[in-house]
Amino acid sequence: MSKYQKRPVRDAIHGFSGFCTPAIFADLFAKPAMDKRFPQYDELDLPKVAADILAIWDAEDTFGKSLELRKDASPFVFYEGPPSANGLPGIHHVMARAIKDIFCRYQTQKGHRVDRKAGWDTHGLPIELGVEKELGITKEDIGKKISIEDYNAACKKAVMRYTHVWNDMTRRIGFWLDLEKPYVTYHTKYIESVWFLLKKLYDDQLLYKGYTIQPYSPAAGTGLSSHELNQPGTYKPVKDTSVVAMFKVNKDPASEFLFKDALGDVFILAWTTTPWTLPSNCALAVGPSLEYACVRTFNPYTHEPQTVVVAKNRLVETLRLKGSEGAVQPLEKWVIEECLHGRSNVLGPSGRQFDGIVEMNGVEAFVEVELGRIAVSTPERILSGAGDKPVILVGLRTELAALHVPWLGSSMQRIQAMAFEDFVDALPSFYGHQLEGVRYEPLLPNLPIVKTYAENNPDSFRVIGGDFVTTEDGTGVVHVSPTFGADDKRVADQHGIPGMYRTAMSAEEGSPSLKFTIEQNDFAPEREGLVIEKAILPIVDRQGRYIPEMGEFAGEYVKAEYLSAEQQAAEAKRQGRDKYLSVDERIAIKLKTEGRAFKVEKYEHNYPHCWRTDKPILYYPLDSWFVKVTAKKQELIDNNKKIKWKPESTGTGRFGNWLENLQDWNLSRSRYWGIPLPIWRSEDDSEEPKCIGSLRELKEEIARAVKAGVMKTDPYSAFNPDDLSDANYEGIDLHRPFVDDIVLVSPGGKPMKRETDLIDVWFDSGAMPYAQWHYPFSAESRERIKKTPFTDGTGRKWEQYASPSSLSGGSKISFPAHFIAEGVDQTRGWFYTLHAIATLVFDSRAYDTVVSNGLVLDKMGQKMSKRLGNAVDPFKTLDAFGADAVRWYMISNASPWDNLKFDAEGITEVQRKFFRALFNTYNFFALYANIDAFDGQGDVALTESDRWILSRLNSVTKLADASFADYEPTVAARAIQDFVVEDLSNWYVRLNRRRFWKGGMGADKNAAFRTLHHCLEVVSMLSAPISPFFSDRLYRDLSGGSVHLTKWPTHDEAAIDVELERSTAYAQRITSLVLGIRKKEKIKVRQPLQRLIIPVRLGELYHQRLLMVRELILSEVNVKSLEFVDETKSGFTKRIKPDFKKLGARLGKQMKAVANAVGQLEQPEIAMLESSGKLNLRVDGGEVDLLLEDVEITTENVPGLSVASDGPYTVALDITLSGPLLQEGIARELVSRIQTLRKESGFAVTDRIDLHIQRNGDVAFEQAVSAHAAHILAETLSITPLDQLLVTDLPQTGSTVHGVALDERSACVLSLSRSSN
RNA sequence: AGUCCUGUAGCUCAGUUGGUUAGAGCGCUACACUGAUAAUGUAGAGGUCCGCAGUUCAAAUCUGCGCAGGACUACCA
């Protein structure tokens, strides 16, 4: 039996209230008088404190006690986000876990029951990749080199590998968490709960099968996750053929306006870097609010006159041809006509034939019309050999031409370029939304697949609006291929434009993962929205080749990289060319010759590559199961408004925007280690799929299947659905491949197979509020997750899931959570999945408050990574500093949501400043409390400074409480720290030291002891959430029992004396000023002075406050008297400053002038203002009456005295040293030396001594010693008779003789010895 | 590319509804203290409050445009 158990737990809880009178201590030591000494320590060893306390916690089961103690209290619900245990914890986990722990401990101290169940996230790609690396295999090997069963067994083993390391870290940082009974996402019970949720979604028609455009590697034959795409090196710069394609507009009422001044046909221009997707073009997207314009021009390849539509601010770029990066300039009308129509053959200087000569800006140039372009060159250029590649450019019909002449001089280029921009500006424009609905001809109408599509989808091939369209590059018109682009598909879906597909002819063509359609099912009309798939194929098969219906391009790989060198050579031969031309290039050529290309260029950009095959990926449609979150978008947004986000901006910004742009949740993952989709389908899709929501249901279905003969035996025969024991559940495995073997039977008697996909692991963790309790299967879970009845003011009753702070005592409710916390990177991860599942399945938020903490960076602000070698080992850090200092540092340094630049120096500082101050203060208390056998009994007489520190303590308690309640731990930590370091240690203890060591045990001394004890005790309670170990040590030493079992201290408003706190703040300011003067005047603090003078306005608040702390100031600065002088009387130099806030509000624009005038006021005018309270000022704008309250007047100087001032505070010190003052100074100096000698001699603080001082012939010295002999003896605990202090001869034996220098001039010799009595 | 966060002394951070000498700690320099003493106090040096523009009598603070660092999401014609 531990000592702890002897005392009933209840007794350990005690609160405090009322601190304004001596009576406040009435209940302070209501416990049995302390029978032990307060332990004293030689040095502060935080790691040791942590280790000791941890051992005590283990022995006592303090965590268990803290829960047991509140078993009937109202719950505070916390969810632990599951970490993945297949990696080692880093220092950022210390941060994350400390934050969680802080609020759980705080709420526990506040009297709530805080269940804290640990959890492990065990599925997911990182785990698979880790195992594959370890086994030296790839995904392709699964099912070949290694069975799925063995593979999953390896994952299961790997995933919990480091749990003990995590548990160790969790313990060592003091995070109280139930590690004994964690939830584990691979447990059968957990999976059953997840299946329950999925079934619920399925029944509510929120689960459907569809497809999305996903990264796909034809070379590897697999889809890639964004994680795989984000691996380094996947994005590589490549040069692709880009095409500005021309889409011919159909002339109809919608497009009429485009033809108004048209030259030839009208084309909409759209740019693409993937020409191979052009055959599947189904629509064009424009920005509804972007400006577009028609330009009459010529086709650069066919020379046909034509009109093109381009976004206005893409005109210059689009009309500029390759190689003409310089200016584009207009040319006179006659030039173009001359060139095109009146050709006159001219021989150039090189003998080459030109089409004409023009004069441009005084330069004679030769013109050549070639391929529809107008080329211009000067004789010099031709002779220099550069003339063969002149120039350009496109004739802008007949009024203007753009001409590029790079060699004509930079200044002209600029001017001319501007002229071209002016031309563009002047073009009449229209908005994108006017283009919407305009129809156009298919770009490649002769390809069979396009023909078929066009026949079946007459509503395609039109212009639609898309928000994603920009004018950053291209033409401001986006070629939309819903078959191959994610944005494209989304916008096409919105406009009811289907992608280009055809039904798969064979299983070979449509692999299982590429079967889909978006047809309504016709056999289950009541299940509206349910989508059943059918095998179909886009225009590219899964090897990356065009399908046969692609006419001349049939069977070709769409990317040159998919062919080997030999294949390319063979292909070139087949094409009858010297060199292999890619599909992209040949489509470009085809478009050029058909007059459907405006520009063809090589374009360099970053493109993602498959990390495994190094080949470019395709964005390709893959089928998936989706959660239809968009159906509940408004509910998601509404529920989010009920959540308190720390910081708020994450909730409204990052998370809010995410919800606004919600996409359906793609749940499918084609993997092995994860929770299988519990959906079974018949092979021919003729019947409705079955979604299984429980093991009981599965067993029943299996039984039917076995009976029907589609399955031989029940693989889960060992499982009894009525038995909720772990043993029963863990006897079976719901992972692949076991579930894959289950074949169910449809109502029509057909065999049904499971969808092979797994579900997104994010669903696992988002399901944790329910699955951790095995909801709804266990009785406990149904108690924890249920609606609470409410009655409103009108007597109406309703129920809802709620975690109001008013949850009744003993309530088991565990949903929603009051509080969760994870890294900000979980915003769209865990925070979202929790929110989505709660909203969709339970129509509730999942948590009331979420703290999203920032990153832990290294001290340079770089992200920590193993690669950079800047990762901090949490264990080494804990070893070196102890958990308390690490936690305190992390919390006090920056708000949790700001990134933390982790610097061990900072921890050292926290150790030194906060913990050592607290430790020293405690040790100081313990030292004297033990000497006096302080027991908390007896009368107390509170002094002003006791009342002050208690007032401060209550203020800090109030602030800390409010801050913790508002999830602002940093504010709390800083407030506590400032209180300890500044108020308690540096001010209260320093000022009151004497009271602790003076003899006897009066009411005053008792008050000091009790006050200090109380402050330390409350500090230990306030700081316990952040520094659980040290605070517990402190509390145990002060009062016994664990601080974590105490009740949070309530502040007493009546004990807070704001006036006193302000007064003391003044005292500190004044003191600092006086010490400054002493320093300036080189007068030691030990030398008493006679007079301190402070100018005030008599009777004003400042004066009154100073009166309150008069004694404090005097003792602190060692001055005999404090005098106040009326500063309104003349004789002082005054400084005047306008009160800008007051005057600004009243004067507005005149402010500046008045401020100037005020600054120039002379002393007599200031005096007049002070005496009459009013002054008439003449400024620019007229006259202004200046009132006394409009200005701040401060005294700057007091004649004849040594003065210091700081802002409005001014003090004057009388530094005259009279004889008695000097004597007292000497006596004090002597006392100080003797104290040092006592200490150096190794005497205990309580030792009495025998002291003698030898006469040294210095009259002043000897007089000082005689006059203050009693003082000297008392201060040094000397028992020497008064008349034997000053002696001619020192005792010969038994004592040590010391020579002492008092200052530069005087010295003496004295002897001291430990007294035997 | 979008969304969000951050930017104040060499470092880590405060800075209230905009109000005129922008603060603290650490570090540095000097001095002091010595019955908490590997502690403590005082003073000094150290600022383009990331930049530019705007609103205003008045901007570190509000607005806009940028820059830098970071996070997430997306990946594009």
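Given the structure is predicted, the values throughout are model-derived calculations rather than measurements. Just so it is clear: chains get the letters A, B, ... in the order the sequence lines come, proteins before strands, and each one is counted from 1.
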[atom1] of [X] versus [atom2] of [N]: gap in Å, rounded?
X: A:Arg993; N: B:A39; atom1: CZ; atom2: P; result: 16 Å
X: A:Leu46; N: B:A38; atom1: CG; atom2: C1'; result: 15 Å
X: A:Tyr607; N: B:C76; atom1: OH; atom2: P; result: 6 Å
X: A:Tyr832; N: B:A74; atom1: OH; atom2: P; result: 12 Å
X: A:Phe655; N: B:C5; atom1: CZ; atom2: C1'; result: 17 Å
X: A:Gln214; N: B:C76; atom1: CD; atom2: P; result: 13 Å
X: A:Leu927; N: B:U37; atom1: CG; atom2: C1'; result: 13 Å
X: A:Trp888; N: B:U12; atom1: CH2; atom2: C1'; result: 17 Å

Once you apply a heavy-atom cut-off of 4.0 Å, does [X] come out as touching a base, just sugar-phosphate, or nothing?
X: A:Thr273; answer: sugar-phosphate
X: A:Thr921; answer: base
X: A:Thr1071; answer: nothing
X: A:Arg974; answer: sugar-phosphate
X: A:Gly906; answer: nothing

Main-chain N/O of [Y] paired to [X] side chain as donor or acceptor, under 3.5 Å:
X: A:Tyr988; Y: A:Val980; value: no
X: A:Tyr889; Y: A:Asp903; value: yes
X: A:Thr475; Y: A:Val477; value: yes
X: A:Asp966; Y: A:Glu968; value: no
X: A:Tyr620; Y: A:Ser217; value: no

Of the nucleotides [options], which has the atom closest to the [X] side chain?
X: A:Trp658; options: B:U73, B:G19, B:C13; value: B:U73
X: A:Lys1141; options: B:A39, B:U17, B:C5; value: B:U17
X: A:Arg916; options: B:C13, B:A38, B:U12; value: B:A38
X: A:Asn899; options: B:C13, B:G70, B:C76; value: B:G70
X: A:Asn893; options: B:C57, B:A39, B:C13; value: B:C13
X: A:Asn920; options: B:A39, B:C26, B:G70; value: B:A39
X: A:Asp898; options: B:A14, B:G70, B:C26; value: B:A14

Does [N] have a Watson-Crick or wobble partner in any strand here, with both distances under 3.5 angstrom, and which is it?
N: B:G51; answer: B:C65
N: B:U73; answer: B:A1
N: B:A45; answer: none
N: B:G25; answer: B:C11
N: B:A39; answer: none

I'd like the [atom1] distance from [M] over to [N], given in whole Å.
N: B:C33; M: B:G41; atom1: P; result: 15 Å
N: B:U63; M: B:C26; atom1: C1'; result: 36 Å
N: B:C52; M: B:G70; atom1: C1'; result: 23 Å
N: B:U8; M: B:C13; atom1: C1'; result: 9 Å
N: B:U16; M: B:C76; atom1: C1'; result: 45 Å
N: B:C49; M: B:A39; atom1: C1'; result: 35 Å
N: B:A45; M: B:U29; atom1: P; result: 16 Å
N: B:G19; M: B:A58; atom1: C1'; result: 7 Å

Exercise: do A:Lys602 and A:Ser242 side chains pair donor with acceptor under 3.5 Å: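 Judged by distance alone, the side chains do not pair up.
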Side-chain donor-acceptor pair present, A:Tyr440, A:Asn281, cut-off under 3.5 Å: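 There is such a pair (donor and acceptor under 3.5 Å, judged by atom type) between the side chains of A:Tyr440 and A:Asn281.
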5' priority, RNA chain B, between A:Ser892 and A:Phe484 [closest heavy atom]: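 Its nucleotide being nearer the 5' end, the pick is A:Ser892.
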Position toward the 5' end of RNA chain B (nearest nucleotide), A:Phe1140 or A:Val477: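 Residue closer to the 5' terminus by nearest nucleotide: A:Phe1140.
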Parallel, tilted or perpendicular: ring planes of A:Trp645 versus A:Phe655, cut at 30 and 60 degrees: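 Plane angle between 30° and 60°, so tilted.
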Table of protein N/O atoms under 3.5 Å from nucleotides 40-43 of chain B N/O atoms:
residue : atom : partner   : partner atom : Å
B:G41   : OP1  : A:Asn986  : ND2          : 2.7
B:A43   : OP1  : A:Ser1072 : OG           : 3.3

Pair A:Phe996 + A:Phe924: ring centers closer than 6.0 Å: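 Distance test on ring centres: under 6.0 Å, yes.
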A:Trp658 and A:Phe831 aromatic centres sub-6.0 Å: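 Between A:Trp658 and A:Phe831, the centre distance exceeds or equals 6.0 Å.
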